[in-house]
Each structure stands twice: as C-alpha cells, then as structure tokens.
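Side chains are part of it too, since the values below use all heavy atoms of this structure and drop only hydrogens, waters and symmetry mates.
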Amino acid sequence: QVQLVESGGGLVQAGDSLRLSCVASGFTFSSAPMGWFRQAPGKVREFVASINSSGGRRILVESVEGRFFISRDNAKSTVYLQMNNLLPEDTAVYFCARGTTYSGSEGKYDYFGQGTQVTVSS
C-alpha cells in the first residue's frame, strides 16, 4: 500500500532553516508528481510546493517563493522541502502527498502522509 512518511519538523526561531523529508513506498515513486501541503491551526490545508516526476519542474505558492525549495531523489524515493528564512506564519503541520498529475491543486493528490509539525517562534 502507499505510504508517505514525513520527518524533519521541529521548533525553530524566525530566520532559521529546516529540511523536511518524505520517504515514499508502495508505488513507483519515479513516475509520480509529489507535493507538499501545510495546515496551520484553525485554517484549511493549503498547497505549498509541487515537483514533477523527473524533478525538472516545480511550482511554489507565492508566499514561500525565494525561501522554500522542493527537490526529490528518485533513487531514494524521497522528496524534500528545504525551508529557509522561516517566519512565524510558516508554523503548521506539513504533509507530503502523491500527485495524480503535476499540479498545485489539492484535488490532484490522492495520498497524504501523517504530517510533521513545524513551529517557528518570533
């Protein structure tokens, strides 16, 4: 079965960096677009970043452009989210997801991991 396991979250100060990882199993990772989403307390889950199956194309939500970078290692079935210059408003649970197509729309993702908490203090 499809499994997505995130790691790398934590408590950091504003301006710090974190790298999230998501290890995938149960499907052909190299054929699947992958994405990252986040859900802040009291808010709906929102799209953060997407990467196509080869890793050559990326989409980032405007609020993280220039600070976050999505990448993947198909040999390790892992997708990463490098987060730099973190802000308190980045505080959320971050989820990786498998896409059915390369997209920034949550409806195009069929499996989500359990999430990893990122907390940014001011």
Only one of Asp73, Val5, Thr78 passes side chain to side chain contact (heavy atoms under 4.5 Å, CB included) with Ser21, and that residue is Thr78
What is the distance from atom OG of Ser71 to atom CE of Met34, rounded to the nearest 0.5 Å?
12.0 Å
Interatomic spacing from OG in Ser54 to CG in Asn74 - rounded to 0.5 Å:
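Reported to 0.5 Å precision, the distance equals 8.0 Å.
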Do [X] and [Y] belong to the same hydrophobic cluster, where Ile, Leu, Val, Met, Phe, Trp and Tyr are linked whenever their side-chain heavy atoms lie under 4.5 Å apart, directly or via other members?
X     : Y     : result
Val23 : Tyr94 : no
Phe29 : Ile70 : yes
Val79 : Leu4  : yes
Val61 : Trp36 : yes
Phe37 : Tyr80 : no

As a quick check of understanding, evaluate side-chain contact (heavy atoms from CB on, under 4.5 Å) for Glu46 and Gln39, giving each step before the final call.
CA-CA 6 Å; Glu46 66 169 352; Gln39 186 167 20; over 6 Å; no
[X] (side chain) donor-acceptor with [Y] (main chain) under 3.5 angstrom:
X      : Y      : answer
Arg72  : Gly55  : no
Asn52  : Arg57  : yes
Thr119 : Thr91  : no
Thr100 : Lys108 : yes
Glu6   : Gly115 : yes

Can you tell me how the ring of Tyr109 sits relative to the ring of Phe47, calling it parallel under 30°, perpendicular over 60° and tilted otherwise?
tilted
Can you name the closest pair of heavy atoms from [X] and [Y] and give their distance?
X     : Y      : answer
Ala49 : Leu81  : CB-CD1, 4.2 Å
Ser53 : Ser30  : CB-O, 3.3 Å
Pro88 : Ser122 : CG-CB, 3.8 Å
Val93 : Gln117 : CG2-OE1, 3.2 Å
Ser31 : Pro33  : O-CD, 3.8 Å

Pairwise side-chain contact, [X] with [Y], heavy-atom cut-off 4.5 Å (strictly under):
X     : Y      : answer
Ser17 : Asn84  : yes
Met83 : Asp90  : no
Val2  : Asp110 : no

Pair Phe68-Arg58, side-chain contact (heavy atoms from CB on, under 4.5 Å): steps then yes or no
CA-CA 11 Å; Phe68 290 14; Arg58 299 170 176 84; over 6 Å; no
Is Gln114 atom CD crowded by more than 12 heavy atoms from other residues, nucleotides or ligands, each under 6.0 Å away?
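Not more than 12 within 6.0 Å, no.
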Taking the six-membered ring where the residue is Trp, are the ring centres of Tyr111 and Phe27 under 6.0 Å apart?
no
Could you go through Val64 and Arg38, starting from their C-alpha distance and side-chain angles, then the distance that decides it, and tell me whether this counts as side-chain contact (heavy atoms from CB on, under 4.5 Å)?
CA-CA 12 Å; Val64 307; Arg38 67 185 180 186; 4.0 Å; yes
Test: Arg45 cationic atom under 6.0 Å from Phe95 six-membered ring centre, within 45° of axis:
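Geometry flag: set, cation within 6.0 Å and 45°.
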